[in-house]
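Letters go in sequence order (proteins before strands), and every chain restarts at 1.
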Amino acid sequence: MTAKQKIRDVIKKALADTPYPEKLKEEILVLPAAREEFGDFYTNFAFKMVDSQNPSPQTAALYLKEKILSSAPDFIEKVEVKNGFVNFFLKRGVYLRMLSEISSGKSEIVNPFPAMGKKVLIEFVSSNPTGPLTVAHGRQAAFGESLARILKHAGFEVTKEYYLNDGGRQIKLLGESLRARYFRLKGEECAIPDEGYEGEYLIDIAKEVKDENISFGKFAADYIMAGIKKDLAEFNVNFDRWVKESDFLTGGMVEELLKILEGRGLVYSSEGATWFKSSAYGDEKDRVVIKSDGSYTYLAPDMAYHRDKIDRGYDMLVNIVGPDHHGYIPRIKAIVESFGFNPERLKFIIVQLTTLYRGKEKLSMSTRKGQFVSLRQLMDEVGPDASKFFFIFRKAESHLDFDLELAKKKSVENPVYYLQYAYVRMKHILKFAGENGIDVMNLNPDMALLKEPEELSIARKLAFFPDTVESVVNTFGVHLLAEYLLELAKIFHSYYHKHRVVTENRELTAARIVLVSALLQVFSKALELLNISLPDEM
RNA sequence: GCGCCUGUAGCUCAAGGGAUAGAGCAUCUGCCUUCUAAGCAGAGGGUUGCCCGUUCGAAUCGGGCCAGGCGUACCA
């Protein structure tokens, strides 16, 4: 049980023994204290207790404090009441013990949370195989992968899926565009269709075409998809399943679905087309599923896909999409609701666009015209780790300014290097200690020798790691973990400058080695969750 | 017009309705015979776009404005 859970229990016990047992129904919030003067954890519960007995939060807090202290919890050093907040100060020994546990790999601080039997499906990237992944997809990929890792760490059973649109009009246009490029290469006049793809990547693909009787659409899509998979693999973003739109079409699932919906009066014909009555579930208007030319819209197979997701029994569905899809959300919510799935359990995360800068210069992009920076180019220029870090250290719903020059810089301005430098320093200390005859793996020092305030600050910060993970789970704010890590790096760098770890004092050295290796455990785990690798040397 | 996102220090951004709104960069001042100075210590910098409201308490929630971005297809 973590210190925080223990505190919550102590508060519950205190309340059970008071005239306010009904207050227990409310959630008791225990959070890491923002400043060390406010202790280690605090609760704002006194604010909820204000009534005739407790006319002010302050009196309620004092009352709570008395009750808590009378139960004499052994891990609490003191409890302070300030401005109605109840602040808990933990005993130093709690932290010292925690450091030993973390460094030996036995601590619940770094280990995954217990499995809770909740299944979550995350669908992300889902880019069409009509062109290479762009920087926008890269951001979605980095965010989705990291969110998946964090949810898994927090005890969810996570499945990652990529839905690919390999049929329909866009693929047809893609095929015609490739065909045009192919014949142009042979010196023949051939126009790219009006809404076709003008990107130069099709020229490269056209060079690979050996036989002009092939299906150009399929050839291009397969070729591009192979590239997408390669890019994602290099980005270390991996999917459990690749779901093809065409499977829902050829498998008859779309037809079946529409029949069911028709039977329920949710699908009808009008103006030569077939419509889904999404307005019955809050969409602003109904949506076409079969066009008047008889072909399906993108929505029809996607509806079948979502029905399939529901059938597979997930507790939560997460769809990570770009801002261009936000108008699409109500209709997907409508289809899941029509199948009795609470739309609240379908979360859409809109990852906003990224604007690339080269120093002050803004890089303009237009996908249709083929003027864009691909994820591939970005990785080649700044590297996968720097790319990923910049993508996730801002909130998903914020527009992101990404400065290529900054991402490449090997200096303080670049947070990626700041983290890497901290990591390398930790590794190097352990290596140096080993070279000086200290058996780093087998230490059992007296941790009470750690008396510096900075040492306690580090331990305190490490104790907050599970809370940070919890915050990410509650808000889907992956950036919170990146910020946590930067703060951790900062207090470590500061400690490093103020105090030497490896000294003549063998006992103190041993205790500090345990501290550093605990730090390294948390640091490594957090980086793994962010999907960022780190070098051993810099 | 309608919908979504954004508006916080000079710049890029944090901050579950909580305490004195925080970081980094930039600017200024210091620090390398000692585990990598890709680092550290310190200083200045704010009417959280504006106006009302809800609340013990609002950057955060609601309403109304203003500004920027995106969307508003029988495209995906």
Take atom C1' in G46(B) and the same atom in G39(B), then report the distance between them in whole Å.
-> 29 Å
Length of the line joining K82(A):NZ and G57(B):P, which is rounded to integer Å = 21 Å
Under 5.5 Å between ring centres and under 30° between planes: does that hold for Y328(A) against the base of A76(B)?
-> no
Between E245(A) and Y296(A): side-chain donor-acceptor atoms closer than 3.5 Å | no
Does E195(A) come within less than 4.0 Å of R169(A), counting only side-chain N to carboxylate O?
-> yes
Among A19(B), C75(B), A38(B), which nucleotide sits nearest the side chain of M538(A)?
-> A38(B)
Between G69(B) (C1') and I350(A) (CD1): distance, integer Å = 13 Å
How would you label the glycosidic angle of C32(B): syn (within 90° of 0) or anti?
-> syn
Quick one: look up who U27(B) pairs with, Watson-Crick or G-U, both distances under 3.5 Å, and put none if it's unpaired.
-> A43(B)
May I ask you to verify if any side-chain N or O of S494(A) is less than 4.0 angstrom from the OP1 or OP2 atom of A41(B)?
-> yes
Distance test, side-chain N/O of H479(A) to OP1/OP2 of A15(B), below 4.0 Å | yes
Go through the side-chain N and O atoms of H306(A) and K309(A) and say whether any donor and acceptor fall under 3.5 Å apart.
-> yes
Residue R394(A), side-chain atoms from C-beta onward, closest of C74(B), G24(B), C13(B) = C13(B)
Side-chain atoms of P323(A) come closest, of C35(B), C70(B), A19(B), to C70(B)
In whole Å, what separates the P atom of G64(B) from that of A26(B)?
-> 43 Å
In terms of side-chain heavy atoms of K490(A), which of A23(B), C74(B), U34(B) is nearest?
-> A23(B)
For C74(B), take OP1 and OP2 only and decide whether either is under 4.0 Å from a side-chain N or O of R169(A).
-> no
Measuring from L419(A):CG to L488(A):CG, what's the distance to the nearest 0.5 Å?
-> 9.5 Å
Is any side-chain N of the basic residue among R512(A) and E455(A) closer than 4.0 Å to the acidic one's carboxylate O?
-> yes
Hey, does the side-chain of T297(A) have a donor or acceptor N/O within less than 3.5 Å of a partner on the base of C74(B)?
-> no
If you check the H326(A) side chain, which of C74(B), A76(B), C4(B) turns out closest?
-> C4(B)
With respect to the phosphate group of A38(B), does any side-chain polar atom (N or O) of R425(A) fall under 4.0 Å of OP1 or OP2?
-> no
Is a donor on one side and an acceptor on the other found under 3.5 Å between the side chain of T43(A) and the backbone of L31(A)?
-> no
D283(A) CG to A73(B) C1', in whole Å, measures 13 Å
Y418(A) side chain near C40(B) phosphate (N/O to OP1/OP2, under 4.0 Å) = yes
Candidates C74(B), G16(B), C40(B) - which lies nearest the side chain of K291(A) = C74(B)
Closest listed nucleotide, where the reference is the side chain of Y496(A) and the choices are G39(B), C35(B), A76(B) = C35(B)
Between K395(A) and A15(B), is there a side-chain N or O to OP1/OP2 distance below 4.0 Å?
-> yes
Watson-Crick or G-U wobble mate for C13(B), both contacts under 3.5 Å = G22(B)
Nucleotide of A37(B), A15(B), A76(B) approaching L480(A) most closely (side-chain heavy atoms) | A15(B)
Selection from G18(B), G24(B), G39(B) that lies nearest to any side-chain heavy atom of N44(A) | G18(B)
Under 4.0 Å between a side-chain N/O of S398(A) and OP1 or OP2 of G69(B), yes or no?
-> no
Is the Lys NZ or Arg CZ of R425(A) less than 6.0 Å from the centre of Y496(A)'s six-membered ring, within 45° of the axis?
-> yes
Rounded to the nearest angstrom, tell me the gap between atom CG in L488(A) and atom C1' in A23(B).
-> 15 Å
Picking from G71(B), G22(B), A19(B), which would you name as closest to the side chain of F85(A)?
-> A19(B)
On RNA chain B, nearest-nucleotide positions of N83(A) versus D286(A): which is more 5'?
-> N83(A)
Assign each of A34(A) and E245(A) to its nearest nucleotide of RNA chain B by heavy atoms, then name whichever residue's nucleotide is nearer the 5' end.
-> A34(A)
